[in-house]
Amino acid sequence: MTKDGPVRTNQRHGSAATKSQPYADSDAAGWPGNSAKLLPAVLVAASAVLLFVGQLDLPGYGLLLVAVVLAYFIDRPLFRDLLLVAGGMTIISAVPITTDIGLVHMLQMGTAMVLAVALPYLVSRFVYQEHTIRFPVLTGQRWTRVEWWYLAAVVVIGYFLLPVYMINTGVYQNWPDVSDPGGVARLFLGTNALGIWDELFFICTCFALFRRHFPDWQANLLQAVLFTSFLYELGFHSWGPLIIFPFALVQAWIFKLTKSLSYIVSVHLLFDLVLFLVLVHAHNRAWLDIFFY
């Protein structure tokens with residue numbers, strides 16, 4: 001038995017979870033003895049708030065360093081994994097996190113995004129010789145009817161929610177005003193690339209690493225703080241965190257159930273498609289006049 005019910009083999013979620021499997025439920029972490037380990041992880045999440053939301057580099061990096069050092073003395077496996085999370089955060093925070101779609105900035109931020117995902121993966125896989133971080137695309141499992149309906153629901157939710165949020169708050173002005181074909185194309189590319197990266201880093205990397213040490217609900221809350229803090233700096237201000245935080249929680253929960261990067265990326269890209277259309281309309285009100293706000 002597992003906490004989710006009887007173990008079933010050769011079905012949607014695979015065979016029985018073992019210690020070596022990266023997506024096994026993390027009951028083994030246990031608690032209250034787990035509370036000491038939780039402190040450095042919470043400090044990592046807090047450092048993201050300082051770095052990305054407050055844009056306070058010195059306090060943010062200082063707190064991140066304290067978290068990693070503290071983990072070293074509390075639990076060495078936790079230290080190794082928090083070091084990977086901290087490394088990715090440091091890389092991505094080293095470049096301006098903006099919605100600038102100029103080619104130079106897109107190249108800078110794109111390079112940082114690739115390195116922030118690649119470094120934790122390569123160190124985990126080839127230095128630690130573990131398979132914790134994985135990017136399951138071709139899972140061999142067909143999406144269920146519920147999953148297909150959820151994709152449709154994401155589009156409907158985005159259609160009614162995003163125009164109200166982006167336009168009525170003026171947050172859309174954090175994105176560039178584009179009306180030429182090249183600018184529209186770069187905006188589309190940027191929103192999609194960022195959506196994919198969010199899932200690669202926050203879900204497949206951070207959430208997977210946190211799950212090795214904490215119960216799923218704690219790991220989910222930790223990654224959601226990182227997820228939300230990053231997107232806040234990107235431009236989702238005002239009451240944007242009230243949208244992003246539950247979205248991040250649901251994405252990790254879906255990934256836990258489906259173990260499919262393909263599915264959570266599809267969810268995210270559909271939401272971002274609506275976001276893209278809203279941004280184009282917000283800057284060019286005569287275009288795509290199909291929204292209610």
Side-chain angles (χ1 to χ4, degrees), residues 48-49 52-53 92 97-101 105-106 109 113 143 146-203 220 223-255 261-293:
V49 177
F52 299 129
V53 178
I92 195 61
I97 301 174
T98 70
T99 56
D100 180 6
I101 56 173
H105 180 262
M106 290 183 72
M109 193 165 172
M113 289 163 59
W143 295 349
V146 171
E147 288 165 355
W148 281 107
W149 275 110
Y150 180 67
L151 292 178
V154 167
V155 175
V156 174
I157 293 170
Y159 175 80
F160 286 105
L161 180 61
L162 287 175
V164 174
Y165 165 61
M166 301 295 294
I167 297 176
N168 289 348
T169 64
V171 166
Y172 73 92
Q173 296 176 13
N174 293 330
W175 278 259
D177 182 357
V178 293
S179 56
D180 62 292
V184 172
R186 291 196 303 275
L187 178 64
F188 180 77
L189 175 63
T191 54
N192 280 272
L194 185 66
I196 295 171
W197 182 83
D198 288 338
E199 304 304 327
L200 293 175
F201 183 69
F202 297 113
I203 306 300
N220 202 355
Q223 72 80 21
V225 172
L226 303 184
F227 199 127
T228 305
S229 298
F230 174 80
L231 288 185
Y232 184 90
E233 181 172 0
L234 185 71
F236 289 89
H237 298 167
S238 185
W239 47 276
L242 298 180
I243 300 174
I244 304 301
F245 192 79
F247 178 76
L249 291 175
V250 171
Q251 285 293 90
W253 178 69
I254 292 174
F255 184 66
L261 172 62
S262 306
Y263 186 75
I264 61 171
V265 165
S266 297
V267 171
H268 201 135
L269 292 187
L270 282 173
F271 200 72
D272 281 353
L273 174 61
V274 180
L275 171 66
F276 165 76
L277 296 176
V278 170
L279 289 173
V280 172
H281 169 70
H283 286 293
N284 307 274
R285 296 302 173 93
W287 297 8
L288 300 171
D289 191 12
I290 57 174
F291 298 104
F292 300 97
Y293 49 90

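- Here CE of Met113 is found 9.0 Å from CE of Met106. Values are rounded to the nearest 0.5 Å.
- A heavy-atom distance below 4.5 Å is not found between the side chains of Leu200 and Val265.
- The nearest pair of heavy atoms linking Met109 to Leu234 is CE-CD1, 4.0 Å.
- Counting heavy atoms from C-beta on, the side chains of Val267 and Tyr263 come closer than 4.5 Å.
- The distance from atom CD1 of Ile254 to atom CD1 of Ile264, rounded to the nearest 0.5 Å, is 8.5 Å.
- No side-chain heavy atom of Ile92 sits less than 4.5 Å from a side-chain heavy atom of Phe201.
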- Item | Working for side-chain contact (heavy atoms from CB on, under 4.5 Å), residues Tyr150 and Val154 | CA-CA 6 Å; Tyr150 180 67; Val154 167; 3.7 Å; yes
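- Applying the side chain to side chain donor-acceptor pair (under 3.5 Å) test to every pair with at least one member in residues 242-253, sequence neighbours left out, gives these pairs: Glu199-Gln251.
- Of all the heavy atoms in Pro246 and Pro241, the pair that sits closest is CD-O, 3.9 Å.
- For the atom pair Ile157 CD1 and Phe247 CZ, the distance stands at 10.0 Å (nearest 0.5 Å).
- By the ring-ring contact (aromatic ring centres under 6.0 Å, His included) test, Trp239 pairs with Tyr165, sequence neighbours left out.
- When all heavy atoms of Tyr232 and Phe236 are compared, the closest pair comes out as CD1-O, 3.4 Å.
- Under the ring-ring contact (aromatic ring centres under 6.0 Å, His included) criterion, Tyr159 pairs with Phe291, sequence neighbours left out.
- Separation of atoms CG (Leu187) and CG (Leu279) is listed at 6.0 Å; rounding is to 0.5 Å.
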Only distances under 3.5 Å count here; give the side-chain donor-acceptor pairs of residues 224-231 to other protein atoms, sequence neighbours excluded, each with its distance to 0.1 Å.
from: Thr228; atom 1: OG1; to: Ala224; atom 2: O; distance (Å): 2.7
from: Ser229; atom 1: OG; to: Val225; atom 2: O; distance (Å): 2.7

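- Smallest separation of non-hydrogen atoms from Ile203 and Ala248: CD1-O, 4.2 Å.
- Each side chain to side chain donor-acceptor pair (under 3.5 Å) pair with one or both residues in residues 270-281, not counting sequence neighbours, appears once here: His268-Asp272, His281-Tyr293.
- Atom CH2 of Trp148 has 12 or fewer neighbouring heavy atoms from other residues, nucleotides or ligands inside a 6.0 Å radius.
- The OG1 atom of Thr99 sits 11.0 Å away from atom CD of Glu233, with the distance rounded to the nearest 0.5 Å.
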- Item | Candidate pair Phe292 and Val164, rule side-chain contact (heavy atoms from CB on, under 4.5 Å), full reasoning | CA-CA 7 Å; Phe292 300 97; Val164 174; over 6 Å; no
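- Distance CG/Leu162 to CG/Leu277: 10.0 Å, rounded to 0.5 Å.
- Residue pairs that meet the side chain to side chain donor-acceptor pair (under 3.5 Å) test with at least one member in residues 169-197, sequence neighbours left out, are Tyr172-Arg285.
- In terms of heavy-atom proximity, Ser262 sits nearest to Ser266 at O-OG, 2.8 Å.
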